[in-house]
Amino acid sequence: MAAGDRTQVRLHNGVTKEVFVNEIRPLRRPAVLRGVDLGPCLSRWDAEYLRAAGGTRPVRVHASPSPRMDFIHKNFAYKTLPFDEFIQRTAEEKHSKFFFCENEKYYLRALGNDPRKDVADIRKQFPELAKDVILPEFYEEEQFFSSVFRISSPGIQLWTHYDVMDNMLIQVVGRKRVVLFSPSDVPFLYLNGDKSEVLDIDSPDLKTFPEFSKATWHECVLEAGDVLFIPALWFHNVTSLEFGVAVNVFWRHLPLDAYDRTDTYGNKDPVAAARAMQVLERALKSLAELPPDYQRFYGQRMILTVQRKVLGRNCSEPAGK
């Protein structure tokens with residue numbers, strides 16, 4: 001395996017809101033928070049308790065014959081299962097009932113009651129379980145966006161992606177490995193929208209993705225009870241080492257009107273950024289009307305302008321540094 005530099009995400013014990021707001025959040029770097037009061041969920045939430053509390057309500061889940069889920073090429077299917085059966089399948093190693101094969105994997109990312117209009121909120125979709133959880137109050141109430149209930153089979157790995165809001169990943173059950181990449185490593189991640197095309201980060205195809213070896217890894221393994229602070233725009237790749245139950249809490253850290261009001265998942269780019277990307281697409285279409293040598297010349301001028309005015313980089317300094 002070839003990869004860039006590696007560093008461990010810093011661990012903080014007994015963090016208060018004051019410490020988080022004044023010392024951790026301003027750094028805009030991931031941090032593992034240990035010892036945060038999360039409520040009785042830590043002692044209650046085993047598979048049996050979850051099945052009884054969730055009952056037979058239908059849930060829409062990802063089902064895949066592969067443990068490495070690929071959102072770009074869609075190597076999974078959306079299936080509906082009763083919640084209690086979903087928990088049973090997710091917690092077991094092999095299945096007597098299955099869609100593809102006896103060792104298929106499952107993943108739940110809870111949705112709002114109407115996913116087109118409502119954001120996910122565990123207090124509304126799973127109130128009987130939400131009463132067991134204390135969500136860390138490290139932001140102001142008006143900054144709250146969503147609380148997403150997540151359950152995954154052991155071994156499942158989710159694609160590398162970024163979110164546009166600050167994220168508190170509360171690990172309740174099981175251990176989880178998280179690899180993060182800084183926003184400054186975007187030149188090395190081969191983006192397709194908000195997702196990286198490098199699916200196997202542990203054994204990457206460096207002939208296809210040679211620049212990936214320059215990316216710096218920030219790694220941690222979350223234990224049950226840990227909370228991982230993932231600042232907005234930090235890329236993250238998550239692997240459930242065991243049957244995993246977690247709650248993601250997303251917080252707006254920009255002014256509220258900076259976000260797209262139609263966004264129910266919390267993954268649409270801020271309004272100004274989306275508008276800038278649309279302008280770029282129009283500019284590229286305009287350049288396509290010129291001969292290739294003119295396209296290259298004016299394309300380079302555009303790159304130099306972005307480097308100078310947005311990145312604050314000297315025009316003679318190579319990109320990606």
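Residues Leu287 and Met302 meet the side-chain proximity criterion, which asks for heavy atoms closer than 4.5 Å. The closest side-chain heavy-atom distance from Val221 to Leu241 is below 4.5 Å. Proximity of Asn237 to Leu158: side-chain heavy atoms (C-beta onward) are nowhere separated by under 4.5 Å. The closest side-chain heavy-atom distance from Thr160 to Ile201 is below 4.5 Å. With a 4.5 Å cut-off on side-chain heavy atoms, Arg109 and Val148 count as touching. Using a 4.5 Å heavy-atom threshold, the side chains of Val179 and Gln157 count as separate. Using a 4.5 Å heavy-atom threshold, the side chains of Ser147 and Val119 count as separate. Side-chain contact check for Leu33 versus Phe138: some heavy-atom pair is nearer than 4.5 Å.
Checked by atom type and distance alone, the side chain of Asp37 pairs as donor or acceptor with a backbone atom of Gly39 at under 3.5 Å. Without hydrogens or angle criteria, Glu281 side chain to Leu284 main chain gives no donor-acceptor distance under 3.5 Å. A donor-acceptor contact shorter than 3.5 Å links the side chain of His236 to the backbone of Trp234. Formation of a donor-acceptor pair under 3.5 Å by the Tyr298 side chain with backbone atoms of Asp293 is not found in this model. Put simply, the side chain of Lys124 never gets that close to the backbone of Asp121: no donor and acceptor are under 3.5 Å apart. Side-chain atoms of Arg57 come within 3.5 Å of backbone atoms of Gln125 as a donor-acceptor pair (strictly under, hydrogens ignored). In this structure a side-chain-to-backbone donor-acceptor pair under 3.5 Å is present from Asn75 to Asp70. Remark: side-chain polar atoms of Lys105 are paired, donor with acceptor, to backbone N or O of Pro154 under 3.5 angstrom. At distances below 3.5 Å, not a single donor-acceptor pair connects side-chain atoms of Asp185 with backbone N or O atoms of Phe181. Using a distance-only test at 3.5 Å, with no hydrogens or angles considered, a donor-acceptor pair links the side chain of Ser196 to the main chain of Leu189.
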field: Steps toward side-chain contact (heavy atoms from CB on, under 4.5 Å) verdict (Phe243, Val173)
entry: CA-CA 7 Å; Phe243 168 65; Val173 177; 4.1 Å; yes
query: Does the pair Ile151 and Phe86 meet the rule for a side-chain contact (heavy atoms from CB on, under 4.5 Å), with working shown?
result: CA-CA 9 Å; Ile151 302 176; Phe86 161 71; 3.8 Å; yes
task: Could you check Leu228 against Val178 for side-chain contact (heavy atoms from CB on, under 4.5 Å), going step by step and ending with a plain yes or no?
output: CA-CA 9 Å; Leu228 174 62; Val178 186; 3.8 Å; yes
query: Could you walk me through whether Arg177 and Val238 pass the side-chain contact (heavy atoms from CB on, under 4.5 Å) check?
result: CA-CA 6 Å; Arg177 173 207 186 203; Val238 180; over 6 Å; no
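Side-chain contact, Asp132 with Trp45: a donor N or O sits under 3.5 Å from an acceptor N or O. Side-chain contact annotation: Ser182 with Ser184, donor-acceptor N/O pair under 3.5 Å present.
Residue Leu304 holds its CG atom at 7.5 Å from CZ of Arg308, rounded to the nearest 0.5 Å. Taken to the nearest 0.5 Å, the OG1 atom of Thr90 stands 8.0 Å off from the CG atom of Leu108. We find the CD-OG distance between Glu242 and Ser153 to be 13.0 Å, quoted to the nearest 0.5 Å. Here the CD-OG1 distance, from Gln307 to Thr305, works out to 9.5 Å after rounding to the nearest 0.5 Å. If you take CD on Gln295 and OG on Ser286, they are separated by 11.0 Å, rounding to the nearest 0.5 Å.
Judged as a side chain to side chain contact (heavy atoms under 4.5 Å, CB included), and not counting sequence neighbours, the contacts of Phe98 are His95, Glu102, Glu104, Tyr106. Every residue meeting the side chain to side chain contact (heavy atoms under 4.5 Å, CB included) condition with Ser152, not counting sequence neighbours, appears here in chain and number order: Tyr107, Ile156, Ser240. Here Glu85 pairs with Arg89 under the salt bridge (Lys or Arg N to Asp or Glu O under 4.0 Å) rule; sequence neighbours left out. Applying the salt bridge (Lys or Arg N to Asp or Glu O under 4.0 Å) rule to Glu223 yields the partners Arg175; only residues at least two apart in sequence or on another chain are considered. Residues satisfying the side chain to side chain contact (heavy atoms under 4.5 Å, CB included) test with Asp194, not counting sequence neighbours, are Tyr162, Asn267.
Of the charged side-chain nitrogens involved, none lies within less than 4.0 Å of a carboxylate oxygen, so that Lys207 and Asp205 do not count as a salt-bridged pair. Ion pairing between Arg51 and Glu48 fails under the 4.0 Å rule for side-chain N and carboxylate O. Ionic pairing of Asp269 and Arg275 is not present here: no N-O contact between side-chain nitrogen and carboxylate oxygen is shorter than 4.0 angstrom. A salt bridge links Asp166 to Arg28: at least one charged side-chain nitrogen sits closer than 4.0 Å to a carboxylate oxygen.
Cluster annotation: Leu233 and Val186 are assigned to the same hydrophobic cluster (Ile/Leu/Val/Met/Phe/Trp/Tyr, side-chain heavy-atom contacts under 4.5 Å, transitive). The cluster map of Ile, Leu, Val, Met, Phe, Trp and Tyr, joined by side-chain heavy atoms under 4.5 Å apart, puts Leu199 and Phe71 in different clusters. The same ILVMFWY cluster, assembled from side-chain heavy atoms under 4.5 Å apart, contains both Val61 and Val245. In the hydrophobic clustering of ILVMFWY residues, with side-chain heavy atoms under 4.5 Å counting as a link, Val249 and Val172 come out together. Each of Ile230 and Val164 belongs to its own hydrophobic cluster when Ile, Leu, Val, Met, Phe, Trp and Tyr are linked at side-chain heavy-atom distances under 4.5 angstrom.
Taking the ring centre of Phe99 as origin, the terminal cationic atom of Lys79 falls inside the region bounded by 6.0 Å and 45° from the ring axis. Taking the centre and axis of the six-membered ring of Tyr78, the NZ or CZ atom of Arg60 falls inside the cone set by 45° and 6.0 Å.
Closest non-hydrogen pair, Thr208 versus Tyr190, comes out as O-CE2, 4.2 Å. The shortest non-hydrogen separation linking Ala47 to Ala91 is CB-CB, 4.1 Å. Nearest heavy atoms, Pro65 versus Phe100: CD-CD1, 3.8 Å. Contact between Met168 and Val227 at its shortest, heavy atoms only, is SD-CG1, 3.7 Å. A pairwise comparison of heavy atoms in Phe149 and Leu50 identifies CZ-CD2, 4.5 Å as the closest pair. Scanning both residues, Gly225 and Leu38, for their nearest heavy atoms gives O-CD1, 3.5 Å.
Aromatic ring pairs are classed by plane angle as parallel below 30°, tilted from 30° to 60° and perpendicular above 60°; the pair Phe126 and Phe83 is tilted.
Lys17 pairs with exactly one of Glu140, Glu137, Glu23 by the salt bridge (charged side-chain N to carboxylate O under 4.0 Å, His left out) rule, that one being Glu140.
The environment of CD in Glu18 is sparse: at most 12 heavy-atom neighbours from other residues, nucleotides or ligands sit within 6.0 Å. Atom CD of Glu93 has 12 or fewer heavy atoms from other residues, nucleotides or ligands within 6.0 Å.
Within the structure, every pair that satisfies the ring pair (Phe, Tyr, Trp, His ring centres under 6.0 Å) test and touches residues 245-271, not counting sequence neighbours, is listed here: Tyr139-Trp251, Phe144-Trp251.
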